[in-house]
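Each chain gets a letter, A, B and so on, in the order its sequence line appears, and its residues count up from 1.
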Amino acid sequence: MHLHLINDKKSNMRKKLLQCVLIVFALCHTAVFAQTNKITGNVTDELNIPLSGASVMISGTTYGTTTDANGNFSLTVPTNASLLINSMGHSDQVVKVSGRSTINVKLVKGESARLEEVLVTGYSVQKKKDIVGSVAVVDVKALKSAPSTSAMQALQGQAAGVDVVNNGSPGAPSQIFIRGITGFSNTPLVLIDGVQGNINEIPANDVESIQVLKDAGAASIYGARGSNGVILITTKKGRSGAPIISYDSYYNFQIPRNGSELNTLNAQEYQRIMSSINPSSTLFPGGRFPDFIFRGPNARGIANDGDPAVNPSLYRFDPTDRSKNYQITRLNKAGQGGDMYDAIFNSALMMNQSISASGGTDRSNYLLSLGYLDQQGTLQNTYLKRYNARANTMFKLTNNIRIGENLNVFYKDNPQSAVNGGFGPIQGSFNQLPFLPIYDIAGNFAGPFAGPANFELGDWGNPKAELLLTNNNRSREYGMIGNAYLEIDFLKHFTARTSFGGAITNYYNQVFTYNEYWRAGGGSNNTLTERSGFATSAQWTNSLAYKNDFGAHNVSILVGSESVENKSREMRARGDRFLSNDYNYLILGNAEVRTIPTSSASEDALFSVFGRVDYSYSDRYLLGFTIRRDGFSAFGPDKKYGVFPALALGWRISQEKFMKNSKWINEMKIRGSYGILGNKEGINPTNAYTTYSQGPRFSYYDINGTGNAIVQGFFPQQNGNTFTSWERNKLLNIGFDATIMNNKLDLSVDYYEKSTDGLLRPIQAPYTAGEASSPFVNIGDVQNKGIDINVTYRGRASKDFTYSVGVNFTTYKNKIISLPDPGYFDQGIVRFEENHPMSSFFGYKIVGVFNDSNQVKQSPVQQDAAPGRYRYFDADGNDTINARDRVHFGDPNPSFTMGVNLGATYKNFDFSAIIYTSQGNDIYNNGLEYFGSFERGISNKSKRVLDAWTPTNTNTMIKKNELGRNFSNSGVTNSDFMEDGSFIRLRSLQLGYNLPAALLKKVGISRLRFNLTAVNLLTITNYSGLDPEVSGSGVGFRGQDAGAYVQEKGVSFGLNLGF
Amino acid sequence: MKKMKNKLFIICTFSVAGIVIYSCKKNFLERNPIGQISSVTLNNKAGVNGLLIGAYSMLDGTGINNWFISTANTSVWNAWAGSTASDDAHKGGGYGSQNERSELENKKYTAENSILHDRWRLYFGAIQRCNEALRGLDKLPAGELTADEALQIRAEARFLRGVYHFMAAQMWKNIPYIDESITFSAGNYKVSNKPDGYAWAKIEDDFKYAAANLTPTKTQIGRAHKWAAKGFLAKTYMQQAKLTDAKPILDDIISNGVTSGGTRFQLQAEFSQIFRAKHENGSESVFSVQMSVNDGGEGRNGNEGESFNFPGTAGTQSFGGWGHQPSFNLVNAYRTENGLPLLDTYNDADVTNDMGKKLSDPFTTHTGPLDPRLDWTVSRRKVPFHDWGLANEEANIQGGPYHGKKWVYWKEETGSKGSELIDGWQYASGINYNLIRFSDVLLLAAECEVESGSLQKAEELVNIIRTRAANPAGFLKKYVNDADPSLGFSTDPAANYVISTYSGANGFVAKGKDYARKAVRFERRLELALEGHRFFDLQRYDRIQPGYMADLLNKYMPEEVAKFEFYLPGTLTYDILKGAVFIKGKHEIYAIPQVQIDQSAEASGPTLIQNPGHN
């Protein structure tokens, strides 16, 4: 951020120039000149609360300072100077020095003060009043009120049009969508101090401000990378004044769900249903529950107490060779479905410590911060430990040359292997049979290995074992992100800036799997996989800004260029069959069998030039025009470049004469913008090339018939497309900002239409085109229409009591306008189809359950139709159910999302709450595919099967319990597992207390605040899964619950201390 | 002064910056893909040959595009769609796992069945690999290959393309035919599968071309050769019931054919040698998939099909029941009377088995006369399981008392060329799979002779097969010491093997055409059991005698269920097969994967049309 804000329009140009020169001299030779004065002072608000960070500038110059945490400043000034004092949210004040050495200023929250707020926009800063684009300003204070691991996580519900989906797994990235889904990659551009970076690695404490650029008027300066929105993060900087040391800390005690919330069958219920649908079960002969299961080299089965087969003297155990094992397991007949879940989840502590020192002089400022985050996951053996260090500095070499840098270095330790989704331990805890205990009679892990016949006990793992035995996994990463810059002001109106920055990450991880002797399928050998690699991104940005006023005309112009280069490389290797499971023994060299190591690499580059003109007339009529030309290496030779222009207009009605006298309306602006933005996310750097690959497993063959030697061969890896180019998004935005009711209410409304033309996606070719992966191509058109509303009301009930209510509301309608023939394509259970929203679920829609055979006869012809099975919707009405009757049965896009921030202060107490809601979105509960119905296979089941159809229980929507899939139960994708995913969540509830300043002063402390926060205290939802906040990865999986790590409730204690 | 200096500095900075940017820019956005092989790299002799090897490498059924289709789903010998879907075997294992395999057996599968999809992707991915070699060949600069070299590559590629299409046509009959003009970049890949069965003629063309141009022998033994092409051409005719077209080719192969190594085709001396790594590529190999292990491919180039019936590390303890367990019906077919099979009554009594018996219960193996091939095909309790020891797994209540053993490696072959562990627990063997072995050719020829009325000729062909099976040297023997298999085998047969040839009053001529037809088909079942042919053999018989397949399987399925219930009354049934029905006119060919139909759609609708009866 570079500040050059002060413009005293009325002063004579020549005089100003002279002053400048004078000041330059003054600064260079302070000791010599006697006409300067060192002044000190203090800036407070109307309530005498010190204002930190207020700027104190010599009027008409760019020379000045900012106040420290106590509102104090000191500055050397000419005796006859005027000071211009400015603080966010307050009216500017000009004070004549007049020879004084102490100047105390009280700023008032004057008219349209907030409009003077300076916001970081593309490559520059602008006053809020001059902005014609749609920019969401995040309330950073509210953002920090809930304990979070990253700024990203905290962003949820904080800005209209910004949808963040979090995941409970320590270190798992959040997903962010700005204004819905308009393409296949919706990752917004995130710039940290102007450098593209990973928002997940930025602690919320390091953040000074976050702005989200949403429309063409705001984001098009980022051209081809702007169409998914741009998040601009400015990190904290030092301010001139005495050093400030602050310490922030929180301890968050996370409380896991109770296993009973899984709603799964207990052992008795399972046995009862299984015996009824499979009377021949060998596990429950004659419908009786056995006491034991056992298995040895020549024997296996079930047994009751006293049976010689389960005499403990027979027990044998060899952890590396289970074929020698004789395992005996006593079944847990009192087992509750959630036992296994409770066994793998614990309450866990998450804590964050950060300390920072900042300060500065007239000529420099610095900020140094250190952070440590330790989030223990509620799922055992999962954690994130992250160490951060930040150093931001700035120096003025001369009065008009500044250099500076921002740097964040982090190291993290975050093993995450196989925890989320799939067949990992969380899913295992849902699905493992409720009577299988964790341990056998000798304390070794129990599982479906023992028992009557393979797979009568299913093949789910032992979740506890899987977790405990992740102890040899490691995952470490270190990285840095930052930039160094040089800024030069020259010829009075010009500023040139060059910035070189980027990000580097290096990572190493290893995954060690034990011999899973307890499993039914196979007691695999132990294996060690090691992976390491690096990724670098280098960015060089140059810009030249011009700013001048000609009477009522204000003009600013910016031109610049930017290059970005990304490189990465990774290497992987695996070894099998280690003699020992001891961590210290595990290097690949000790493996009995080593697979051939592989590596991969990628590289791409982006080059852009851009320009921007902002013009305002008489502070009333605003115009902004931006244009950017981007070139990207992954596109073919003729398709590399794209030009992205945008025009924005604004009218500050409140400045018109006829409005000036309105008492009620303090500020009102109408703005509109139209522009074209681009997107290239998801593009593989090799997209333009047709490539081949090879590998012993894939394309080598023993053509010589040797039996153990293969000859090299190739296979087509990827079809290239040189015609692929930028996805173009046309954005129309009409917005309205107002400050009314004596500055108590801020209102901002935006209507937008976004249509994506030349949608980038991998073409989906049938296998008649071969196995090679398809390139991304530009096809299709998606349209989003939506409204974002932001309302903030600030009230004061008494001298001591203030309160605020902030609401941000987002709604959008999303529709695919066109896709190439046949007008649709599929991804799993999702069909993307013309005239339907993105990511909607597709398959047979269940109308009900066949009550009886009569109803079967009267219904359309349907394969495997029978009483108790599903009755499908006959979409084409031809009395036959077939593939043409599949419909879009669910939509994961919410009708609206809303965040509500409540705040209040009473004397030294403060209170805040964040409520977040998502309404009208559907969830496809993938987890239920296994534990929702018996025909999917052996596993524990959801309690919903207790209400299944039977000849006597026909008034139900749950199909009958049976074995074996077919067309009319779960043999085809249908709407069985779709649910309403609406929820309201009280994300945080915080009570804070500031110790009185007077008291603290005595012990040399400037600020001490305690807070107590309840996190995710309450969630209201009808969704049957554990957490309605479902984070499916990618557009094709949105709203699909694969049994992820849920977000837990927590109680947090925080401390903020300043010296 | 200061200002001037600044100005100068700025101008300098920006001009330097400008120059740097300009000079960088020219190449800055030109980035070649890293670590990838381009078509230019392959535009030479080695490259084209490598593309062809890539096409060969799909014969083992694994390795399509970097992801592993479940290897057991795509194994070349097609256990699920070819074997358990017929009367040869059960999927086994109940509903505990792998339901989609069960659904192929009990015909409850839908067009969303992933095994069908996996096989579709395997075949069409492989077909395009063949086309890659052909396209690569066409692009080669002049002089890179001699005309002869080019011709051999072209003929081999077309041979393989024919093979993959043939396997797909067996599954779905109405398939699109994909030649080298079909490419992603041309955008013409949505190829219709109409008219019905049109691909057969194209497949014939590929094999005709290969048969005309391939050399009879090859220095690299795994390569396609003239006689392999003729074998496939004959099979292609046979599958369409074009017996008169097939017959002269089969006769030619029998009279004149040689292996790729130049050996005259003839049956190997002992039946079991076909399933031993050390005897592979012998005189019986018309075209073999070259399986290899311990080659750096993590077992993925081996014969993975029978991995669930492999011996566990504890001797003969198999994994028991996850897949591919021979049916009662199949095992009973090996009962003999006067050395001949009981063509009509074989299933009226069961070979003694341990169904319902615990391992601790007393058990005596079947004492009645048996065809010796049974014990090389099926593992039964207390019968030597290769050199691993006596089979001693308790009968699996859900899959029956039997296991397949043809591709289970011997203990003495462990490691090296015999076996490799995949993913730490599943075994691949190095035993080749014969896509066509000479027995197959002889028996197809016998079918032709029966239909054309040359019963004597048919009998002679069948008797060649039976004579080899009757070679006492080839009988499975008892161990010298059951407790220590490493001491080797005695000279006593492991069971009461009685087998003879058809002749005289029991001969084909005496008993007539219907009997002969039945005997030829029965012989084929005994000889090729569990090799994945049975379902497709039934298809062929059905094309000759419509309704044959439905009638046979609708009789078989309830009979099997009844046998399970007989051994374990009241408590045990083979749930998978209970109530299963084979629908005539539908289940003879499989459902085309719905995903592929959906993806084939043009504006007017899908270009792939679903097979009759399937949704």
Side-chain angles (χ1 to χ4, degrees), chain A residues 280 282 297-298 323 453-456 458-459 488 490 496 522 524-525 542 595-596 601 603 605 607 631 633 640 686 689 691-692 696-699 701-705 707-716 719 764 766-771 821-822 826 882-883 938 963 965-967 971-972, chain B residues 6 10 17 28-29 31 33-37 50-51 53-54 56-57 63-65 93 95-97 99 108 110 112 121 124-125 128 132 176 178 184 189 191 220-222 281 290 292 294-297 300 312-314 321 359 397 417 424-425 430 571-573 596 598-603 615:
Chain A
S280 66
T282 43
N298 289 308
S323 66
N454 270 338
F455 306 109
E456 184 144 15
D459 191 23
I488 302 165
F490 65 102
S524 58
N525 289 315
N542 297 293
T595 59
I596 296 165
E603 185 175 315
F607 180 79
S633 63
K640 278 192 167 35
T686 60
Y689 299 90
T691 62
Y692 296 80
R697 295 174 299 176
F698 311 118
S699 58
Y701 188 65
D702 181 18
I703 197 77
N704 293 308
N708 58 7
I710 39 181
V711 171
Q712 184 185 43
F714 304 102
F715 68 93
N719 288 311
Q764 201 168 42
Y767 252 67
T768 45
E771 71 198 287
D821 291 340
D826 300 310
N882 57 26
I938 303 292
L963 298 176
R965 302 184 322 148
N966 59 51
F967 184 84
V972 290
Chain B
N6 284 347
I10 290 154
F28 189 70
L29 296 181
R31 305 277 163 157
I34 305 171
Q36 311 276 340
I37 303 158
L51 287 171
I53 294 292
Y56 273 104
S57 82
I64 277 286
N65 192 17
Y95 283 108
S97 66
N99 287 328
K108 287 182 180 161
T110 68
E112 294 184 26
R121 289 188 284 184
F124 286 95
Q128 281 290 18
E132 284 289 349
I178 309 300
F184 177 82
Y189 49 77
V191 181
Q220 289 181 305
I221 206 150
N281 295 317
Q290 304 296 324
S292 69
N294 303 307
D295 54 10
R300 300 288 176 182
T313 36
L359 274 179
I397 52 138
K417 298 178 180 184
W425 64 278
T571 53
L572 285 167
T573 52
Q596 295 298 322
D598 288 344
Q599 291 185 4
S600 78
E602 304 272 16
N615 272 301

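- Chosen from A/Asn966, A/Asp826, A/Thr686, A/Thr691, the residue pairing most often with chain B at heavy-atom distances under 4.5 Å is A/Thr691.
- In terms of heavy atoms, A/Tyr767 sits closest to B/Phe124 at O-CB, 3.4 Å.
- Interatomic distance, A/Lys640 NZ to B/Leu29 CG, rounded to the nearest 0.5 Å: 6.5 Å.
- Put simply, of B/Pro176, B/Ser600, B/Ser292, the one with the most heavy-atom pairs under 4.5 Å next to chain A is B/Ser292.
- With a threshold of 4.5 angstrom between heavy atoms, B/Asp598 approaches chain A through its backbone and through its side chain.
- Counting heavy-atom pairs closer than 4.5 Å to chain B, the top residue among A/Gly770, A/Pro766, A/Ala601 is A/Pro766.
- The part of A/Gln712 that comes within reach of chain B is its backbone (N, CA, C, O), which places non-hydrogen atoms under 4.5 angstrom from that chain.
- Chain B forms more heavy-atom pairs under 4.5 Å with one residue of A/Gly631, A/Ala883, A/Ala605 than with any other, namely A/Ala605.
- In this structure, the side chain of A/Thr768 engages the main chain of B/Tyr189 through a donor-acceptor pair within 3.5 Å.
- Rounding to the nearest 0.5 Å gives a distance of 10.5 Å between CG of A/Asn704 and CG of B/Asn281.
- Taking B/Arg31, B/Gln596, B/Glu602, B/Gln220 one by one and counting their heavy-atom pairs under 4.5 Å with chain A, the maximum is reached by B/Arg31.
- Here the side chains of B/Glu132 and A/Phe714 are not in contact, with every heavy-atom distance at 4.5 Å or above.
- With a 4.5 Å cut-off on non-hydrogen atoms, A/Phe967 touches chain B through its backbone and its side chain both.
- Taking each heavy atom of A/Pro696 and B/Gly296 in turn, the nearest pair found is CB-O, 3.5 Å.
- Between B/Tyr56 and A/Tyr701, the two ring planes are parallel [angle under 30°; tilted spans 30° to 60°].
- Nearest approach of B/Lys108 to A/Arg965, heavy atoms of both residues: CB-O, 4.0 Å.
- Comparing B/Asp295, B/Ile221, B/Ile178, B/Ile37 by how many heavy-atom pairs each has under 4.5 Å with chain A, the most go to B/Ile37.
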